[in-house]
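Structure, as structure tokens:
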Amino acid sequence: MSILSDLKLPEMGLSVRQRMVLYRQLKRMLRIASLKESIQELARRARETRSGAKRAKACDLMLHGIERNISIGESLLTMAPSSECTILMIGERNGRLTESLDSLIYLLEAQAGIVGSIVRAAMYPTVLFLVTIGMYVGFESYMLPIIETIVSADKLPELTLFVAQLARFISNYWFIWIAGFFLSGYGLLYSLPVWTSEKRDVLDQYPFYGTYRDLQSAIFMISLSSMQKAGASLDESIKQIRTLSSPWMKKHLDMMLWKLRKVDSASEALDVGLIPRDLMADVKIATKAGDLDIALEELGREAITDFKGKVNLLTDIITPLGLLLVANNIVLIGLAYYGAIMSAS
């Protein structure tokens, strides 16, 4: 689940899409057949499809586990994140396997949707940046030599000279511009799950880092709710989520575990800065009413919906601004070329 959920996938395991397909099919089959019969049917179907090799292997592992009285969650530990396996194990143990599958399906769908939204939002400015670089490189490589053959530099208008100097600068160092653009983006993304200093606590209150925190808190609340609904204790749930978490997430989860040993209120233990204040107020109210797992799920889903809305809004803002920026550069290059031609005549 990479930077979006701070949970890492096992090597050579099932992808997010493959797990979604497996959980959906298993949930449907459980309505009409036993667990063993359902998995046997899913294994047969998986073998009949080109992309079903890993799902077939997962089904075989679950069937082998059933024969040895091992839960399907424990059987999938080499194929899926341990947090998901724990939800399946606890759900199966408490007779709530269908509910556990429901929670996992929603969580995976939400993550897939979030990744898609972020990729779309990031791709557009990246393409526009490369187009802008390409325009100036093209001006310096093709248009500027033509200008220099028809008019001397001392007769060129200031605008043409400015664009020519800018184009030469970009053309001479285009690889640095592009490398700097991608490295700075990578550096920012890399810092999200690993930076844990006190300065980070301040930045988490502002856009970008704050948006990441809001997303992580939403996924955490849904994951925690899923484990709680499956029958796991709060302490057990947090420890399991922690096992494959990033340094940034572990910092918050360690604080929660420490506070659980010091305070009696679950909501007080969860109040460590991960969950935004407005949502934390709702969590405290729900805790007093005894509906913590339900509240966490509802608040988490609302937060994910809000996050998608913010990303889509950002994309809607970036699109016209980006087009305007490219159009301005086209006009600038056009005016520079026109000015040169007029000077020659």
Side-chain angles (χ1 to χ4, degrees), residues 1-30 38-39 42-43 45-46 49-62 72-92 97-123 189-190 192-193 211-212 214-227 229-230 237 240-246 248-249 297 300-301 303-305 307-308 311-312:
M1 302 175 193
S2 68
I3 64 169
L4 297 176
S5 67
D6 285 317
L7 298 178
K8 303 170 186 176
L9 293 178
E11 291 186 7
M12 304 305 291
L14 294 169
S15 67
V16 171
R17 180 176 178 79
Q18 289 170 331
R19 300 200 310 276
M20 277 196 292
V21 172
L22 178 62
Y23 297 155
R24 285 172 182 162
Q25 291 180 344
L26 182 56
K27 175 189 169 185
R28 287 197 298 267
M29 288 300 302
L30 286 174
S38 298
I39 297 174
L42 294 184
R45 294 181 183 180
T49 61
R50 291 183 179 179
S51 60
K54 287 188 177 181
R55 281 188 286 120
K57 179 181 178 181
C59 291
D60 289 340
L61 289 173
M62 288 188 286
I72 62 172
E74 188 175 351
S75 300
L76 288 175
L77 280 171
T78 58
M79 303 295 290
S82 61
S83 57
E84 293 180 18
C85 294
T86 299
I87 293 174
L88 291 173
M89 282 189 280
I90 298 172
E92 185 179 358
L97 182 56
T98 302
E99 293 180 16
S100 297
L101 290 169
D102 267 332
S103 298
L104 290 176
I105 291 168
Y106 174 80
L107 188 58
L108 292 174
E109 287 177 343
Q111 290 169 356
I114 289 168
V115 170
S117 298
I118 292 176
V119 169
R120 286 192 296 271
M123 281 298 294
L189 292 178
Y190 178 80
L192 290 174
T211 303
Y212 176 80
D214 293 346
L215 174 60
Q216 293 305 317
S217 70
I219 294 176
F220 166 74
M221 286 189 288
I222 294 176
S223 300
L224 185 60
S225 170
S226 300
M227 293 186 178
K229 287 166 65 178
S237 301
Q240 187 55 51
I241 294 174
R242 184 190 181 282
T243 55
L244 291 177
S245 293
S246 70
W248 180 84
M249 180 62 83
E297 182 178 21
R301 293 192 180 206
I304 285 178
T305 301
F307 177 83
K308 290 180 180 179
V311 173
N312 292 334

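Position 1 is the first residue of the sequence, and the numbers go up from there. None of the values given here were measured: they were computed from a predicted structure.
Looking at S100, its side chain never comes within 3.5 Å of a backbone N or O of L88 through a donor-acceptor pair. The backbone N or O of S226 sits nowhere less than 3.5 Å from a side-chain atom of S103 that would complete a donor-acceptor pair. Between the side chain of R19 and the backbone N or O of L14 there is at least one donor-acceptor pair closer than 3.5 Å. For E297 (side chain) and M221 (main-chain N/O), no donor-acceptor pair under 3.5 Å exists by modelled atom type.
Side-chain contact between L61 and I72: absent, with no pair of heavy atoms (C-beta onward) separated by less than 4.5 Å.
Atom CE of residue M249 and atom CD of residue Q216 lie 4.5 Å apart, to the nearest 0.5 angstrom. Rounding to the nearest 0.5 Å places CD1 of I90 at 11.5 Å from CD of E92. Atom OG of S237 sits about 15.0 Å away from atom CZ of R242, to the nearest 0.5 Å. Y106 OH to I222 CD1: the interatomic distance, rounded to the nearest 0.5 Å, is 4.5 Å. Distance CG/L224 to CD1/I87: 9.5 Å, rounded to 0.5 Å. The structure places CG of L30 at 4.5 Å from OG of S38, a figure rounded to the nearest 0.5 Å.
Closest non-hydrogen pair, T49 versus A46, comes out as OG1-O, 2.9 Å. Contact between C85 and A80 at its shortest, heavy atoms only, is SG-O, 3.8 Å. The two atoms that bring M29 and L42 nearest to each other are CG-CD2, 3.9 Å, heavy atoms only. Of all heavy-atom pairs spanning Q18 and G13, the tightest one is OE1-O, 4.1 Å. Nearest heavy atoms, L22 versus A58: CD2-CB, 4.3 Å. The two residues A43 and A56 have their closest heavy-atom pair at O-CB, 4.4 Å.
Paired with R24 under the rule side chain to side chain contact (heavy atoms under 4.5 Å, CB included), one option of I105, L101, D102 passes, and it is I105.
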List the steps and the verdict of side chain to side chain donor-acceptor pair (under 3.5 Å) for E84 and Y23. CA-CA 11 Å; E84 293 180 18; Y23 297 155; 2.8 Å; yes
Just do the side-chain contact (heavy atoms from CB on, under 4.5 Å) check on Q25 and R55 with the steps written out, would you? CA-CA 11 Å; Q25 291 180 344; R55 281 188 286 120; 3.6 Å; yes
Derivation of the side-chain contact (heavy atoms from CB on, under 4.5 Å) call for I241 and F220: CA-CA 8 Å; I241 294 174; F220 166 74; 4.0 Å; yes
Candidate pair F307 and T211, rule side-chain contact (heavy atoms from CB on, under 4.5 Å), full reasoning: CA-CA 8 Å; F307 177 83; T211 303; 3.1 Å; yes
